[in-house]
Colleague: 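Structure below; questions to follow.
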Protein chains: 2
Amino acid sequence: MNPTLYDVAREAGVSLATASRAINGSSRVVKDEYRERVLVAARKLGYTANVSAQAVARGSSSSVALIVSDIADPYFSAIAAGVLRAADAVGLVVTIAVTNRDAGRELELVKLLGRQRPRVMVLAGSRFTDEDDPRLLIAELDDYQSGGGRVAFISQTGLPFATVEIDNTSGARALGAAAVSLGYRRFVVLAGPEHLATARDRSAGFASALPVPPVAIAHGDFTRDGGYSAMSSLLDDGLDGADFVFAVNDVMAVGALAALRDRGVPVPEQIAVAGFDDVPIASDVTPPLTTVRVALEEVGEASVAIALGADVPAPITPEVILRSSTPAR
Amino acid sequence: MNPTLYDVAREAGVSLATASRAINGSSRVVKDEYRERVLVAARKLGYTANVSAQAVARGSSSSVALIVSDIADPYFSAIAAGVLRAADAVGLVVTIAVTNRDAGRELELVKLLGRQRPRVMVLAGSRFTDEDDPRLLIAELDDYQSGGGRVAFISQTGLPFATVEIDNTSGARALGAAAVSLGYRRFVVLAGPEHLATARDRSAGFASALPVPPVAIAHGDFTRDGGYSAMSSLLDDGLDGADFVFAVNDVMAVGALAALRDRGVPVPEQIAVAGFDDVPIASDVTPPLTTVRVALEEVGEASVAIALGADVPAPITPEVILRSSTPAR
DNA sequence: TTGAAAGCGCTAACAC
DNA sequence: GTGTTAGCGCTTTCAA
């Protein structure tokens, strides 16, 4: 059995209240001698506070709930790292749950994690433009907020909650412009899931910078394998002189690179490849990937900051990073 | 304010006890009519159970605590994915904290996360052979266990707790043997931190399969950058005819690949490279990396299984995966 | 089967 | 400063 605060108080010969004040350092001042006695007793008994009990008594917990699509995806694990760091800095503990890219699951998880009454809830999945009904999610989050919780979204605009917004459109447009000025002329887009807002914005932003529409667009999952198969199907159809492929995120670009390599298509000699996000591996694949950098860890940190009351920052405009996967033509 | 169970009971016109039984489905049976009324009332009020209060009343929580070195490292994020999946399957929620590879931090985190009285605690960092004093950690974990918690370690033998053991030595030895039979003769090892048990085992296992000792061993962090700098310093010293470099984990191997590429050393033509773990990107770098596969997600799942009482599995013997970074000579 | 009531471990008035 | 005590929201005897 774990010793309770009551045990500590008895051992120290003080009241429960004094022990509580000495250990968690409330605003009240405890005489040094007593505090010392309490601390010694706590150490002697191996006392560990019970945060559940504290949460019940205080009416608020010390945790942040984080919902991501897939923790093994470098995009989300980088965000998680930022959330973890920011939470740690303010003494909060982080509970993580994954949707596996299932929108319905997200609502369930909001309910599930909401049971912990976390101080903050960060949602980092992505919205679907054709979503059945975001109203249920909104209602659930409203309930959560009315109970004193704070919500922050990452990269999902259009919802009535604080959001760390990433300007996917202009980032992608900048990349498109860079590609054009490097001399590329025939573009192909690995566009991700058809109804995923982030994917659409990036795809559209990229296209908006081109003098001519992309010669082909292939949809696929927002994952490495999605990139691999989208690229493969494009290859099956014949590249038809395309000289540049834009994958709407880096993990898809990595998949595309693998597909290209498996087919023996030289990159960047025959075709250039670019991604989006600048996840850590982007610079370590061969050739190093041109991409659009989003400071993911900072985005994660910002999400807990705004949930905790910081001003919502202006939309983050990601920066084009040119690497050898897209040399000048 | 969040509605409480009391509110629900009142709304449904039943007692608190009945509402509790109807909602969490205790062993007691509640008359259908009452149950229905309670459920309707709960929905109407938007009732959400408060797990902290449940934990206090029940004396046990429904969470698992996971401690890893760095969630952005693919090795740990893969393990985390497994832990998350296994926890989800049994209705447990996961709290994650990172040590940033600081051994002292691990003890602090055990204390910190222990305050939640998690049902299970999984430690996935790595032990240092020269550790100041594992006794403190052990004592802390013993306390935790005596309070009813269950501990599981991943890949860290020698501690008196259930462990998902990875046979690093034999995996590395098998890789060494494979390298020899492929025709390689002059080996170099990127050995990781000097006192990290996992790194030492892998390094020693590999060397034990060679006819001659490695021509050089470079230590460095167990990270991508550690691999990059270890490889760089070896390059500075002159490779001296080495034809094979073994990095004790994949992320270091990826760093080594980058260092080699930056210096213009062709891989695998001039020198072959192999890693360990088979993290997802291993097969996506160029050339695809020969490695020793550890089923990381399964390891994560196994850790919660054994903590929950499953039999401790035999040490996992990882499997050599030959890819193009180590062609036959 | 249901309800009253005694806790669970802790905090925070409130009184001394 | 310190102690008493009434909760916090929920579970679980124990009677009825």
Side-chain angles (χ1 to χ4, degrees), chain A residues 1-39 41-42 45-62 114-119 143 147-149, chain B residues 1-39 41-42 45-63 114-119 143-144 147-149:
Chain A
M1 248 345 251
N2 279 308
T4 71
L5 191 56
Y6 179 79
D7 299 326
V8 174
R10 191 155 35 82
E11 172 78 25
V14 300
S15 75
L16 224 204
T18 298
S20 171
R21 301 197 264 252
I23 284 188
N24 80 38
S26 78
S27 57
R28 305 295 264 254
V29 185
V30 175
K31 206 204 289 179
D32 276 358
E33 186 203 333
Y34 281 178
R35 171 198 317 296
E36 197 50 40
R37 283 211 326 242
V38 170
L39 265 19
L45 300 181
Y47 172 77
T48 305
N50 180 324
V51 292
S52 293
Q54 292 181 313
V56 175
R58 292 207 255 252
S60 89
S61 80
S62 315
R115 298 188 208 289
Q116 329 249 10
R117 302 286 188 273
R119 264 237 263 289
D143 278 8
Chain B
M1 248 345 250
N2 279 307
T4 70
L5 191 55
Y6 180 77
D7 299 326
V8 174
R10 191 154 35 83
E11 173 78 24
V14 301
S15 74
L16 224 201
T18 298
S20 171
R21 301 197 265 252
I23 284 189
N24 80 39
S26 77
S27 57
R28 305 294 263 259
V29 185
V30 176
K31 206 204 289 178
D32 276 357
E33 185 203 333
Y34 281 177
R35 172 198 315 295
E36 197 49 40
R37 280 205 337 234
V38 171
L39 264 20
L45 300 181
Y47 172 76
T48 305
N50 180 324
V51 292
S52 293
Q54 292 181 314
V56 174
R58 293 207 255 250
S60 90
S61 78
S62 313
S63 69
R115 297 189 209 288
Q116 329 247 10
R117 302 285 188 274
R119 206 117 87 211
D143 278 8
Y144 166 67

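From a predicted model like this one, the values you see are computed outputs, not experimental measurements. Just so we're on the same page: letters track the sequence lines, and every chain starts at 1.
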Colleague: Mind running side-chain contact (heavy atoms from CB on, under 4.5 Å) on A/T48 and B/D143 for me, showing each step along the way?
Modeller: CA-CA 9 Å; A/T48 305; B/D143 278 8; over 6 Å; no
Colleague: Which of the following nucleotides, C/dG9, C/dT2, D/dG3, is nearest to the side chain of A/A53?
Modeller: C/dG9
Colleague: Please list, chain by chain and in numerical order, all residues satisfying side chain to side chain donor-acceptor pair (under 3.5 Å) with B/R115, sequence neighbours excluded.
Modeller: none
Colleague: Testing the basics here: between B/P118 and B/G114, what is the closest heavy-atom pair and its distance to 0.1 Å?
Modeller: CD-O, 3.9 Å
Colleague: Between D/dT2 atom P and A/L16 atom CG, what is the distance in whole Å?
Modeller: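 Computing the A/L16:CG to D/dT2:P distance gives 15 Å.
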Colleague: Looking at D/dT2, I'd like to know if its phosphate oxygens (OP1 or OP2) sit under 4.0 Å from a side-chain N or O belonging to A/S15.
Modeller: no
Colleague: How many whole angstroms separate atom CD of B/E33 from atom P of C/dT1?
Modeller: 13 Å
Colleague: For the helix from C/dT1-D/dA16 to C/dC16-D/dG1, what angle lies between the axis at the first five pairs and the axis at the last five pairs, to 10 degrees?
Modeller: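 That helix gives 40° between its end axes.
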Colleague: Closer to the 5' end of DNA chain C via nearest nucleotide, is it B/K31 or A/N50?
Modeller: B/K31
Colleague: Figure out the CZ/C1' separation between B/R37 and C/dT1, and round it to whole Å.
Modeller: 14 Å
Colleague: Is any side-chain N or O of A/T18 closer than 4.0 Å to OP1 or OP2 of D/dG3?
Modeller: yes
Colleague: Between B/R58 and B/V14, just flag the one whose closest nucleotide in DNA chain C comes earlier from the 5' side.
Modeller: B/V14
Colleague: Check whether any side-chain nitrogen or oxygen of A/N24 sits under 4.0 Å from OP1 or OP2 of C/dC10, and answer yes or no.
Modeller: no
Colleague: Roughly how many Å is it from CD in B/Q116 to P in C/dC10, rounded to a whole number?
Modeller: 14 Å
Colleague: Yes or no on side-chain contact (heavy atoms from CB on, under 4.5 Å) for B/R58 and B/N24, after CA distance, side-chain angles and deciding distance?
Modeller: CA-CA 12 Å; B/R58 293 207 255 250; B/N24 80 39; 4.1 Å; yes
Colleague: Got a second to check how far A/D7's CG is from A/L16's CG, nearest 0.5 Å?
Modeller: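 The CG atom of A/L16 is 9.5 Å from CG of A/D7, to the nearest 0.5 Å.
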Colleague: Please evaluate the base of D/dG1 for a donor-acceptor partner in the side chain of A/R35 within a cut-off of under 3.5 Å?
Modeller: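 In this structure, the two groups form no donor-acceptor pair.
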Colleague: Take atom CZ of A/R115 and atom P of D/dC10, then tell me their distance rounded to the nearest Å.
Modeller: 11 Å
Colleague: Taking the side chain as everything from C-beta on, heavy atoms only, tell me whether B/L5 gets closer than 4.5 Å to B/I23.
Modeller: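 A side-chain contact under 4.5 Å exists here.
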Colleague: State the CD-OG distance between A/Q116 and A/S62, to the nearest 0.5 angstrom.
Modeller: 12.0 Å
Colleague: Can you find a donor-acceptor N/O pair under 3.5 angstrom joining the side chain of B/R21 to the base of C/dG3?
Modeller: yes
Colleague: Please determine if a side-chain N or O atom of A/S20 lies less than 4.0 Å away from the OP1 or OP2 oxygen of C/dC10.
Modeller: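 No, no such contact exists.
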Colleague: What is the distance, rounded to the nearest whole Å, between atom OH of B/Y34 and atom P of C/dT1?
Modeller: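 Taking atom P of C/dT1 as the reference, OH of B/Y34 is at 12 Å.
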Colleague: Where do A/V38 and A/V14 land on the side-chain contact (heavy atoms from CB on, under 4.5 Å) test, with the steps shown first?
Modeller: CA-CA 8 Å; A/V38 170; A/V14 300; 3.8 Å; yes
Colleague: Rounding to an integer number of Å, can you tell me how far B/L5 CG sits from C/dT2 P?
Modeller: 15 Å
Colleague: Using whole Å, report how far CG of B/D7 lies from P of D/dC8.
Modeller: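 Result: 11 Å.
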Colleague: Ignoring backbone atoms, establish whether A/Y6 has a side-chain N or O less than 4.0 Å from OP1 or OP2 of D/dG3.
Modeller: no
Colleague: Look at B/Q54 and D/dT11 and indicate whether a side-chain polar atom (N or O) is within less than 4.0 Å of OP1 or OP2.
Modeller: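 Checking B/Q54 against D/dT11: at least one side-chain N or O falls below 4.0 Å of OP1 or OP2.
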